[in-house]
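Please read the structure below before turning to the comments.
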Amino acid sequence: MGHYKSNLRDVEFNLFEVLGRDQVYGTGPFADMDVDTAKNILSEISRLAENDLAASFVDADRNPPVFDPETNTAPVPASFKKSYQAYMDAEWWRLGIPEEIGGQVTPASLIWAYAEQILGSNPAIWMYSSGPAFAGVVHDEGTEAQKRVAELMVEKQWGATMVLTEPDAGSDVGAGRTKAIKQEDGSWHIEGVKRFITSGEHDMSENIIHLVLARPEGGKLGTKGLGLYIVPKFDFDWETGELGERNGAYATNVEHKMGLKASNTCEMTFGAKHPAKGWLVGESVDGIRQMFKIIEFARMMVGTKAIATLSTGYLNALEYAKERVQGADISNFMDKAAPRVTITNHPDVRRSLMTQKAYAEGMRALVLYTASVQDDLVAARLRGEEDKAAESLNDLLLPIVKGYGSEKSYEQLAQSLQTFGGSGFLQEYPIEQYIRDAKIDTLYEGTTAIQGLDFFFRKIVRDGGQALTSVSEQIQKFLGAAEGGDALAAERELLAKAAGDLEAIVGKLLADLSSVEQDVKNMYKVGLNTTRLLMVSGDVVVGWLLLRQAAVALAKLEAGASEKDIPFYQGKVAAGRFFARNILPTVTPQRLIAEGVDNEIMELAEEAF
């Protein structure tokens with residue numbers, strides 16, 4: 001057993017007792033993926049994650065890849081290669097990629113349920129293994145010839161990257177200067193420098209397909225003028241996959257990071273040594289839309305990774321707390337001879353553990369609820385239809401999963417470390433590495449500030465508030481049905497109050513936005529509140545999902561749960577109540593702060609900071 005602790009019981013509880021996936025799996029387009037098959041898959045992946053995949057987690061951190069500027073290579077450690085190959089040999093990565101390139105139709109909720117196990121165990125494995133998933137985008141968006149490239153990416157298990165960020169442009173992708181020069185044979189030469197490219201160089205696959213955003217020479221400015229290009233590390237025969245000459249796409253540096261060190265984060269230089277040949281995906285300049293298929297997948301991955309890390313962090317802390325004997329029970333404070341007890345008997349430790357549990361399990365519910373919405377999208381696509389309502393709801397939830405999930409996971413991992421006391425600061429325990437590895441989740445694929453802006457302007461304003469209204473209506477339906485009965489009456493009132501406060505914050509931002517015509521500086525007030533709105537929205541949605549779980553658990557207990565399940569269901573009720581009583585009341589002061597925001601700090605001279 002390695003560091004990783006799975007919570008498969010809670011995953012299955014979400015899928016089959018709360019979210020009703022037992023009514024979806026084994027039906028319609030998912031006919032070949034019934035509940036028993038899904039449970040077997042999750043069990044096998046959990047076993048693999050806790051053992052083979054977790055085995056190299058520490059070694060790859062202590063002995064990370066080293067960049068060789070002479071050869072432009074950065075080989076990964078042997079221990080990590082072994083874990084990576086164990087995952088690739090198991091071939092679970094085939095789930096969810098198009099059948100035409102060797103995949104299997106799979107509900108999104110099952111994909112993200114199993115992704116949690118990989119991402120909590122050894123996240124770099126998931127990142128290096130992204131080739132088949134990215135091949136799905138090449139298959140869906142590419143020409144007939146490019147569809148064969150997608151097949152080869154899967155057959156040969158080639159690596160893949162998403163190449164967006166440039167040193168000077170950062171998150172302003174539209175300001176990118178990497179250019180594409182059309183060649184007589186229909187290919188393009190890519191010239192420019194990109195940075196922060198995950199898996200840009202490694203020695204675990206014979207080829208790497210870089211999916212590069214670049215601007216055709218003379219093309220439009222901004223994001224609309226960007227194309228997406230297939231740029232291989234090695235040129236290859238498009239029929240057989242046989243490798244040819246080295247292409248002009250090279251890693252020219254590997255970043256020295258505070259965490260996630262097994263994952264090579266590269267500076268990539270195109271066309272400096274010799275031409276970097278590329279091919280325009282779909283032969284149309286539509287790169288930002290095409291890349292967003294990968295970006296949205298990546299944002300879901302980042303949130304899931306963060307939440308998975310918190311879950312194993314909490315479970316490691318809980319195990320330690322149950323064994324660590326220190327101090328007497330506080331109720332015996334007058335008795336100097338009172339027996340020493342495990343720290344789970346101390347009130348503040350219990351408060352901290354329950355906070356970790358509530359966030360970890362509530363945010364797992366958030367991921368799987370979002371993934372269940374994606375089930376509807378997958379089913380509609382397979383029927384050749386669109387589900388606009390599900391699409392809007394998924395769009396709304398993604399910034400919460402990514403932004404809220406990453407921030408709260410990092411915050412609560414500090415509580416996991418605190419449970420260990422001074423021992424938590426040592427590398428004998430995994431929490432310090434979890435914290436270092438998890439910090440990046442708040443930063444890449446769009447910082448939390450960017451997620452907040454996206455959440456308000458794109459997912460609420462541009463959507464006309466339809467998706468947000470849909471969530472609000474689901475919460476009101478839960479409240480109206482009085483789920484959980486008298487046992488959760490007080491908690492439902494707290495949820496109702498928090499939902500009302502959230503609505504008021506949204507109203508404040510909309511009012512400030514509408515007043516921009518009178519005073520353009522009111523846009524600053526909106527910007528000062530968007531991250532607050534995102535965090536509050538996460539609290540309300542997670543609070544609702546935890547109370548849904550508590551209501552289900554109460555019903556199971558009343559129906560006569562097995563002796564084995566009683567503690568589990570009691571824990572679900574306790575987590576829902578705790579979150580409602582301790583976290584949801586904090587929404588009210590956030591509303592008061594939001595309503596009182598002015599432009600004072602925007603008018604302050606820079607020198608005063």
Side-chain angles (χ1 to χ4, degrees), residues 1-25 33-51 53-54 92 107 109-121 304-305 307-322 344 353-372 409 412 416 484 542 545-579:
M1 290 286 287
H3 70 95
Y4 177 62
K5 298 185 186 303
S6 172
N7 196 340
L8 194 55
R9 177 68 183 91
D10 195 41
V11 170
E12 293 183 352
F13 171 72
N14 275 277
L15 292 176
F16 306 122
E17 297 179 61
V18 179
L19 296 172
R21 298 301 91 187
D22 52 319
Q23 303 300 312
V24 175
Y25 294 7
M33 185 61 69
D34 59 26
V35 171
D36 287 341
T37 302
K39 286 184 175 181
N40 287 335
I41 289 171
L42 290 172
S43 178
E44 284 299 308
I45 292 175
S46 179
R47 179 198 57 76
L48 184 70
E50 289 185 334
N51 294 281
L53 306 191
W92 299 118
S109 54
L110 179 59
I111 291 171
W112 292 110
Y114 97 69
E116 177 189 325
Q117 319 301 311
I118 313 302
L119 292 164
S121 170
T304 303
K305 170 187 173 296
I307 292 159
T309 305
L310 172 59
S311 178
T312 186
Y314 159 65
L315 293 174
N316 272 278
L318 177 63
E319 180 181 76
Y320 178 86
K322 287 180 176 179
T344 51
L353 287 170
M354 186 54 73
T355 306
Q356 294 169 55
K357 174 182 171 68
Y359 272 110
E361 295 181 6
M363 292 193 298
R364 172 180 293 114
L366 170 65
V367 166
L368 295 178
Y369 168 61
T370 304
S372 71
S409 292
Q412 289 304 310
S416 301
V542 166
L545 292 172
L546 282 170
L547 288 179
R548 280 182 64 181
Q549 292 189 349
V552 171
L554 281 167
K556 296 284 186 178
L557 289 168
E558 291 169 6
S562 68
E563 186 175 344
K564 176 185 176 183
D565 275 339
I566 287 174
F568 173 81
Y569 290 131
Q570 289 175 334
K572 302 307 292 185
V573 175
R577 284 176 169 161
F578 183 89
F579 196 92

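Computed from a prediction, not measured in an experiment: that's the story for all the values here.
- Between Tyr114 and Trp92 the shortest heavy-atom distance is OH-O, 3.2 Å.
- Ser121 contributes no side-chain N or O that, together with a main-chain N or O of Glu50, makes up a donor-acceptor pair within less than 3.5 Å.
- Screening residues 358-367 for salt bridge (charged side-chain N to carboxylate O under 4.0 Å, His left out) gives Asp10-Arg364, Glu116-Arg364, Lys357-Glu361, Glu361-Lys572 as the qualifying pairs, with residues at least two apart or on separate chains.
- Shortest non-hydrogen contact noted between Ala113 and Leu15 is CB-CD1, 4.0 Å.
- Distance CZ/Arg47 to CG/Leu8: 12.5 Å, rounded to 0.5 Å.
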Given Arg21 and Leu368, is the side-chain contact (heavy atoms from CB on, under 4.5 Å) satisfied, shown in steps?
CA-CA 10 Å; Arg21 298 301 91 187; Leu368 295 178; over 6 Å; no
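- Rounded to the nearest 0.5 angstrom, Leu19 CG and Tyr369 OH are separated by 9.0 Å.
- Across His3 and Asn316, no two heavy atoms sit closer than the pair O-ND2, 3.2 Å.
- Under the 4.5 Å side-chain criterion, counting only non-hydrogen atoms from C-beta, Phe13 is in contact with Val552.
- Expressed to the nearest 0.5 Å, how far OG of Ser43 lies from CD of Glu12 amounts to 8.0 Å.
- Contacts of Ser46 classified as side chain to side chain donor-acceptor pair (under 3.5 Å), with partners at least two apart in sequence or in another chain: Ser6.
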Please assess Asn40 against Thr37 for the test side chain to side chain donor-acceptor pair (under 3.5 Å), listing each intermediate value before the final yes or no.
CA-CA 5 Å; Asn40 287 335; Thr37 302; 5.7 Å; no
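- Put simply, the side chain of Gln549 never gets that close to the backbone of Leu545: no donor and acceptor are under 3.5 Å apart.
- Partners of Glu17 by side chain to side chain donor-acceptor pair (under 3.5 Å), not counting sequence neighbours, listed by chain and number: Arg9, Tyr569.
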Start with the C-alpha gap between Tyr314 and Lys5, add the side-chain angles, then the distance that decides, and say whether side-chain contact (heavy atoms from CB on, under 4.5 Å) holds.
CA-CA 9 Å; Tyr314 159 65; Lys5 298 185 186 303; over 6 Å; no
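- When all heavy atoms of Ala321 and Leu353 are compared, the closest pair comes out as CB-CD1, 4.0 Å.
- In this structure, the separation between CD on Glu44 and CD1 on Ile41 is 9.5 Å, given to the nearest 0.5 Å.
- Distance CG/Leu42 to CG/Leu110: 5.0 Å, rounded to 0.5 Å.
- Of all non-hydrogen atoms in Ala358 and Ala575, the two that sit nearest each other are CB-O, 4.0 Å.
- Taken from OH in Tyr359 to CG in Leu366, the straight-line distance is 12.5 Å, to the nearest 0.5 Å.
- Here the shortest heavy-atom pairing between Val542 and Met363 reads CG2-CG, 4.2 Å.
- Aromatic ring centres of Tyr25 and Phe16 lie closer together than 6.0 Å.
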